[in-house]
Amino acid sequence: MLKRALTIAGSDSGGGAGIQADLKAFENIGVFGMSAITAVTIQNTLGVQGIHQLPAETVAAQIDAVISDIGVDSVKVGMLGNAAVTAAVAERLAAHDVKYVVVDPVMVATSGDLLLETDAVQTIKEKLLPRAFIVTPNKYEAEILAGIKITGADSVYRAARLIHGLGARGVLIKGGHMDDHEATDVFFDGQKMHTFTLPRVDTRNTHGTGCTLSSAIAAYLCFNPDPAAAVQAAKDYVYRRIAKARDQVLGHGSGPICLPG
Ligand SMILES: Nc1ncnc2c1ncn2[C@@H]1O[C@H](COP(=O)(O)OP(=O)(O)OP(=O)(O)O)[C@@H](O)[C@H]1O
Ligand SMILES: Cc1ncc(CO)c(N)n1
């Protein structure tokens with residue numbers, strides 16, 4: 001049977017991150033993609049020029065419309081924007097009892113622009129993380145969620161345990177922004193720490209790596225519910241995309257990795 005994945009995230013007009021990156025990853029991995037848009041961002045490879053947030057009811061209604069009719073095998077949650085949308089998304093995921101929820105706790109864009117109102121962090125911690133099958137913070141987001149500074153491997157492990165304590169079943173701390181020759185992601189499943197290491201590609205084209213990783217995890221979970229296996233497959237997928245996009249020039253800033261093929 002055809003597998004179905006839903007992304008609940010913001011639109012990136014530049015096509016490299018957000019909903020657009022998620023749908024491209026779903027398509028590429030072979031699942032049917034659906035979307036509930038939380039916000040329209042005015043964005044390109046140079047940064048975010050504006051954000052138009054949608055009302056929480058509009059986001060909830062999109063989720064209800066697709067799940068009640070088409071159904072879902074997994075959900076990826078990306079940019080939420082504010083506390084009201086975050087609470088509505090957590091509530092609808094609970095109402096539909098969705099098991100495979102991958103939460104990318106999007107706070108800032110690669111360009112440094114803020115994508116989440118600061119008071120929404122508390123709502124993510126209290127309402128959304130207990131619904132997460134896997135949460136995928138980058139270094140900065142992990143520091144905010146765990147409330148500690150990340151300075152090396154030991155603090156990554158500590159942060160993973162602290163975030164697991166907030167209710168997420170699995171925690172993947174991404175290594176894209178760590179000072180390292182390799183890109184190492186750490187996954188804690190509640191019992192064991194798994195380490196995924198691949199070479200760091202020397203490129204400025206990293207726009208949408210986080211979005212692509214979380215949507216790829218959601219897509220792979222449709223075929224195999226083992227979280228560590230889904231993370232491994234998604235990490236390999238993102239690495240192949242980064243390597244493919246390495247020298248591509250698209251736009252004047254940080255280019256996308258979700259190229260065709
Ligand atoms: N230059 C790179 N070479 C290889 N892998 C990378 C590179 N940059 C990021 N990654 C990988 O891409 C994935 C996303 O990690 P990252 O920490 O960049 O997420 P993010 O900050 O949420 O992304 P975004 O920049 O889209 O917001 C991780 O698996 C990470 O290891
Ligand atoms: C819409 C959107 N979601 C997420 C990110 C994070 O990369 C972004 N830049 N834009």
Side-chain angles (χ1 to χ4, degrees), residues 7-25 35-54 76-81 85 102-116 134-145 150 156 172-187 194-217 230-247 251 253-258:
T7 167
I8 304 171
S11 162
D12 168 7
S13 49
I19 289 276
Q20 287 80 0
D22 298 338
L23 291 175
K24 290 169 192 178
S35 63
I37 297 183
T38 56
V40 174
T41 71
I42 301 158
Q43 188 173 174
N44 53 25
T45 64
L46 295 169
V48 180
Q49 289 94 47
I51 297 176
H52 180 77
Q53 184 84 45
L54 292 184
K76 173 250 164 88
V77 179
M79 175 189 175
L80 293 162
V85 168
V102 181
V103 175
D104 183 5
V106 173
M107 296 181 191
V108 246
T110 317
S111 50
D113 300 285
L114 208 63
L115 297 173
L116 183 77
I134 302 179
V135 61
T136 67
N138 62 20
K139 178 180 182 234
Y140 169 80
E141 292 152 355
E143 288 181 335
I144 305 266
L145 293 174
I150 292 182
V156 173
L172 177 69
I173 301 187
K174 298 173 289 189
H177 303 278
M178 313 273 181
D179 303 321
D180 207 336
H181 291 306
E182 293 171 317
T184 297
D185 301 357
V186 171
F187 180 61
H194 306 254
T195 302
F196 302 98
T197 299
L198 283 171
R200 182 176 295 279
V201 180
D202 185 14
T203 178
R204 66 196 300 224
N205 295 337
T206 55
H207 182 64
T209 48
C211 300
T212 303
L213 182 75
S214 52
S215 49
I217 295 172
V231 168
Q232 173 78 72
K235 165 96 176 154
D236 292 347
Y237 175 79
V238 168
Y239 180 76
R240 290 197 301 274
R241 306 310 299 186
I242 298 175
K244 183 178 171 73
R246 193 188 69 179
D247 302 318
S254 176
I257 62 158
C258 48

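One-based numbering, in listed order, for ligands and for the atoms of each. Reckoned from all heavy atoms, side chains included, excluding hydrogens, waters and symmetry mates.
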| query | Which residue supplies the protein heavy atom nearest to atom 21 (O) of ligand 1, what is that atom called, and how far is it? | reply | His177 NE2, 2.6 Å
| message | Quick one, Tyr239 and Val201 - any side-chain contact, counting heavy atoms below 4.5 Å? | response | yes
| Between Asn138 and ligand 1, does any nitrogen or oxygen pair lie at a separation below 3.5 Å? | yes
| Polar side-chain atom of Ser254 near backbone of Arg204 as donor-acceptor pair, under 3.5 Å | yes
| request: May I ask you to test the His177-Tyr140 pair for a side-chain heavy-atom distance under 4.5 Å? | output: no
| note | closest protein heavy atom to atom 10 (N) of ligand 2 is Gln43 NE2, 3.1 Å
| said: Among all the protein's non-hydrogen atoms, which is closest to atom 4 (C) of ligand 2, and how far away is it? | reply: Cys211 SG, 3.6 Å
| request: Give yes or no for whether the N/O distance cutoff of 3.5 Å, strictly under, is met between Lys235 and ligand 1. | output: yes
| Evaluation steps, side-chain contact (heavy atoms from CB on, under 4.5 Å), between His194 and Val231 | CA-CA 10 Å; His194 306 254; Val231 168; over 6 Å; no
| field | Location of contacts on Ala17 toward ligand 1, heavy atoms closer than 4.0 Å | value | neither
| message | Taking the side chain as everything from C-beta on, heavy atoms only, tell me whether Leu172 gets closer than 4.5 Å to Leu213. | response | yes
| query | Short list, please: which atoms of ligand 1 are under 4.0 Å from a heavy atom of Gly208? | reply | 26 (O)
| message | What I want to know is whether His207 and ligand 1 share at least one N or O pair that is separated by under 3.5 angstrom. | response | no
| Which one of Leu115, Val40, Thr206 has a non-hydrogen atom at the shortest distance from atom 8 (C) of ligand 2? | Leu115
| Is there side-chain contact between Met178 and Ile150, with at least one heavy-atom pair below 4.5 Å? | yes
| Residue pair Thr41 / Met79, side-chain heavy-atom distance below 4.5 Å | yes
| remark: Within 4.0 Å of some non-hydrogen atom of Ala183, the atoms of ligand 1 are 4 (C), 5 (N), 6 (C), 31 (O)
| Would you call Ser254 a ligand 1 contact, heavy-atom distance under 4.0 Å? | no
| field | Least distance between heavy atoms, Ala216 atom then Tyr237 atom | value | CB-CD2, 3.9 Å
| message | I'd like the name of whichever of Ile242, Val201, Leu213 reaches closest to atom 11 (C) of ligand 1 through any heavy atom. | response | Ile242
| query | Any nitrogen or oxygen of Gly210, main chain or side chain, under 3.5 Å from a nitrogen or oxygen of ligand 1? | reply | yes
| query | Among Thr45, Asp12, Thr212, which residue meets the side-chain hydrogen bond (donor to acceptor under 3.5 Å, both in side chains) test with His207? | reply | Asp12
| query | Given Thr212, Leu172, Asp185, Leu198, which has its nearest heavy atom closest to atom 31 (O) of ligand 1? | reply | Asp185
| task | Would you tell me whether Gln49 and Asn44 have side-chain atoms, one donor and one acceptor, within less than 3.5 Å of each other? | result | yes
| Closest contact, heavy atoms only, Ala39 versus Ile51 | CB-CG2, 4.3 Å
| Arg200 atom CZ, neighbour heavy-atom count above 12 within 6.0 Å | yes
| Which atoms of ligand 2 have any heavy atom of Ala109 under 4.0 Å away? | 9 (N)
| request: For Ser11, take its heavy atoms, then give the atoms of ligand 2 lying under 4.0 Å from any of them. | output: 1 (C)
| field | Nearest-contact summary for atom 24 (P) of ligand 1 - protein heavy atom, Å | value | Thr110 OG1, 3.5 Å
| field | Any N or O of Ala109 closer than 3.5 Å to N or O of ligand 1 | value | no
| request: For Val238, counting its heavy atoms only, list the atoms of ligand 1 lying under 4.0 Å from any of them. | output: 12 (O)
| request: Write out the residue and atom name of the closest protein heavy atom to atom 17 (O) of ligand 1, then the distance separating them to 0.1 Å. | output: Gly176 N, 3.0 Å
| field | Worked check of side-chain contact (heavy atoms from CB on, under 4.5 Å) between Thr136 and Ser214 | value | CA-CA 7 Å; Thr136 67; Ser214 52; 3.9 Å; yes
| Please walk me through it: do Gln43 and Asp113 pass side-chain contact (heavy atoms from CB on, under 4.5 Å)? | CA-CA 10 Å; Gln43 188 173 174; Asp113 300 285; over 6 Å; no
| field | Numbering as shown, the atoms of ligand 1 that approach Thr206 to under 4.0 Å (heavy-atom distance) | value | 25 (O)
| query | Is there a donor-acceptor contact under 3.5 Å from the side chain of Lys139 to the main chain of Val156? | reply | no
| Polar-atom distance check: Thr209 versus ligand 1, any N or O pair below 3.5 Å? | yes
| query | Can you tell me the protein heavy atom closest to atom 4 (C) of ligand 1 and the distance? | reply | Pro199 O, 3.5 Å
| said: Are any of the N/O atoms on Lys174, whether in the backbone or the side chain, positioned under 3.5 angstrom from an N/O atom of ligand 1? | reply: yes
| request: Using distance alone, decide if ligand 1 has a nitrogen or oxygen within less than 3.5 Å of any nitrogen or oxygen in Asp104. | output: no
| message | Which of the numbered atoms in ligand 2 are under 4.0 angstrom from any heavy atom belonging to Gly10? | response | 1 (C)
